[in-house]
Amino acid sequence: MSGHSKWATIKHKKGAADKARAKLWAKLVRNVEVAAREGGGDPSANATLRTMVAKAKSEQVPSDKIEIAIKRGTGELKNDTVSEDIMYEGYAPAGVALLVAVSTDNRNRSGGEVRSTFSKNGGNIAEPGAVAWQFARKGVVVVPKAGGKVTEDDLMMAALDAGAEDIFDNGDSFELRCGPTDVSAVCSALTDAGIAFDSMDRPMIPNATIDLSEDDARKVLKLVEALEELDDVEEVFHNFDVSAEVMAALSA
């Protein structure tokens, strides 16, 4: 199982009680914008956009935010927000590598908050390039198993020619991985084959993972969660993994 996805599953299960709804909305809106940019703003002619709009609506994202995202994606409406995307690099306890994706209108403020959070939670900020080489940008599409109706063979037959590279079994869903530029093509191929998908993303995936004990996992997650709570932080990528036993203890 993918460590990236297992932690995502933990977060998803407690998401209803989490205060991260605004960040979830922001991510869903970005997905809508990207889908419109890559395939056009008409959901009836753009299967990926249709799915992303449906996903956003299922999470109660306001319709006006969705419409604005589509218009930004097609270039009809320019984004007047002056912000820049920054990737901070660092280490958590137990030598876990972290990439912290930030979108900010004040580099000094965001940098100070990220550095302080690392320091207060047993981590260390790193120089640019010190951590990034341990990750690669990948396209990720999550497909529910639909009670066993969808198999790995089904997915590979549907998406292989569209750029799918690998499949991971995450329990109640499959995770399809592809090149970051192939996400829309993979999503379209799945739709054409009548296979529904839950989400698409382009995260930084670790080339290798570190297995953590329960004690180390708690320390690492304390830092990760503190970083995720910062207003300017979009996402935190990591290279840790946990066993089923540790995951059960963390979820308890």
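Owing to the predicted nature of the structure, the values given are computational and were not obtained by experimental measurement.
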Looking only at atom types and distance, does a side-chain atom of [X] sit under 3.5 Å from a main-chain N or O of [Y], one as donor and one as acceptor?
X: E89; Y: P128; result: no
X: S58; Y: K55; result: yes
X: T74; Y: K71; result: yes
X: S116; Y: G112; result: no

Do the side chains of [Y] and [X] get nearer than 4.5 Å, heavy atoms only?
X: T191; Y: R50; result: yes
X: T104; Y: I86; result: yes
X: F237; Y: V100; result: no
X: S173; Y: V143; result: no
X: Y88; Y: L98; result: no
X: H238; Y: V220; result: no
X: P62; Y: W25; result: yes
X: V246; Y: L212; result: no

Kindly state each residue pair satisfying salt bridge (charged side-chain N to carboxylate O under 4.0 Å, His left out) with at least one member in residues 114-143, sequence neighbours excluded.
-> K138-E165

Of all the heavy-atom pairs spanning [X] and [Y], show the shortest one and how long it is.
X: D105; Y: R109; result: OD1-NH2, 3.1 Å
X: A158; Y: A189; result: O-CB, 3.3 Å
X: A94; Y: I210; result: O-CD1, 4.3 Å
X: N239; Y: A208; result: CB-O, 3.5 Å
X: I205; Y: V140; result: CD1-CG2, 4.3 Å
X: V233; Y: E228; result: CG1-CA, 4.2 Å

How long is the gap from [atom1] on [X] to [atom2] on [Y], to the nearest 0.5 Å?
X: L176; Y: L190; atom1: CG; atom2: CG; result: 6.0 Å
X: I68; Y: S63; atom1: CD1; atom2: OG; result: 11.0 Å
X: N124; Y: S119; atom1: CG; atom2: OG; result: 8.0 Å
X: L223; Y: T117; atom1: CG; atom2: OG1; result: 8.0 Å
X: L155; Y: I167; atom1: CG; atom2: CD1; result: 4.5 Å
X: C178; Y: M200; atom1: SG; atom2: CE; result: 10.5 Å

So D169 and F174, side chain to side chain contact (heavy atoms under 4.5 Å, CB included) or not? Walk me through it.
-> CA-CA 5 Å; D169 188 336; F174 291 114; 4.1 Å; yes

Could you walk me through whether N207 and F135 pass side chain to side chain contact (heavy atoms under 4.5 Å, CB included), step by step?
-> CA-CA 5 Å; N207 300 323; F135 296 79; 5.6 Å; no

Partners passing side chain to side chain donor-acceptor pair (under 3.5 Å) against [X] (at least two apart in sequence or in another chain):
X: S103; result: D85
X: K219; result: D215
X: Q60; result: none

Pairs under 3.5 angstrom only: tabulate donor-acceptor contacts from the side chains of residues 37-48 to other protein residues two or more places apart or in another chain.
from	atom 1	to	atom 2	distance (Å)
R37	NH2	E33	OE2	3.0
E38	OE1	S184	OG	2.3
E38	OE1	R202	NH2	3.1
E38	OE2	R202	NH2	2.8
D42	OD1	S44	N	3.1
D42	OD1	S44	OG	2.7
D42	OD2	S44	OG	2.9
N46	OD1	T48	N	3.2
N46	OD1	L49	N	3.1
N46	ND2	A35	O	2.9
N46	ND2	G39	O	3.3
N46	ND2	G40	O	2.9

Lys/Arg N to Asp/Glu carboxylate O, E234 vs K27, below 4.0 Å | no

With a 4.0 Å cut-off, would you call R218 and E214 a salt bridge?
-> yes

[X] [atom1]: over 12 foreign heavy atoms closer than 6.0 Å:
X: M156; atom1: CE; result: yes
X: D231; atom1: CG; result: no
X: K145; atom1: NZ; result: yes

Kindly determine whether D232 and E113 satisfy side chain to side chain contact (heavy atoms under 4.5 Å, CB included), including the steps that lead there.
-> CA-CA 9 Å; D232 295 336; E113 290 176 346; 4.2 Å; yes

Which side chain to side chain donor-acceptor pair (under 3.5 Å) pairs, counting each pair once, include a residue from residues 149-159, with sequence neighbours left out?
-> T151-D154

Does the pair V141 and D198 meet the rule for a side chain to side chain contact (heavy atoms under 4.5 Å, CB included), with working shown?
-> CA-CA 8 Å; V141 182; D198 276 345; over 6 Å; no

Hey, which of I70, V34, V32 is the one that makes side-chain contact (heavy atoms from CB on, under 4.5 Å) with M52?
-> V32

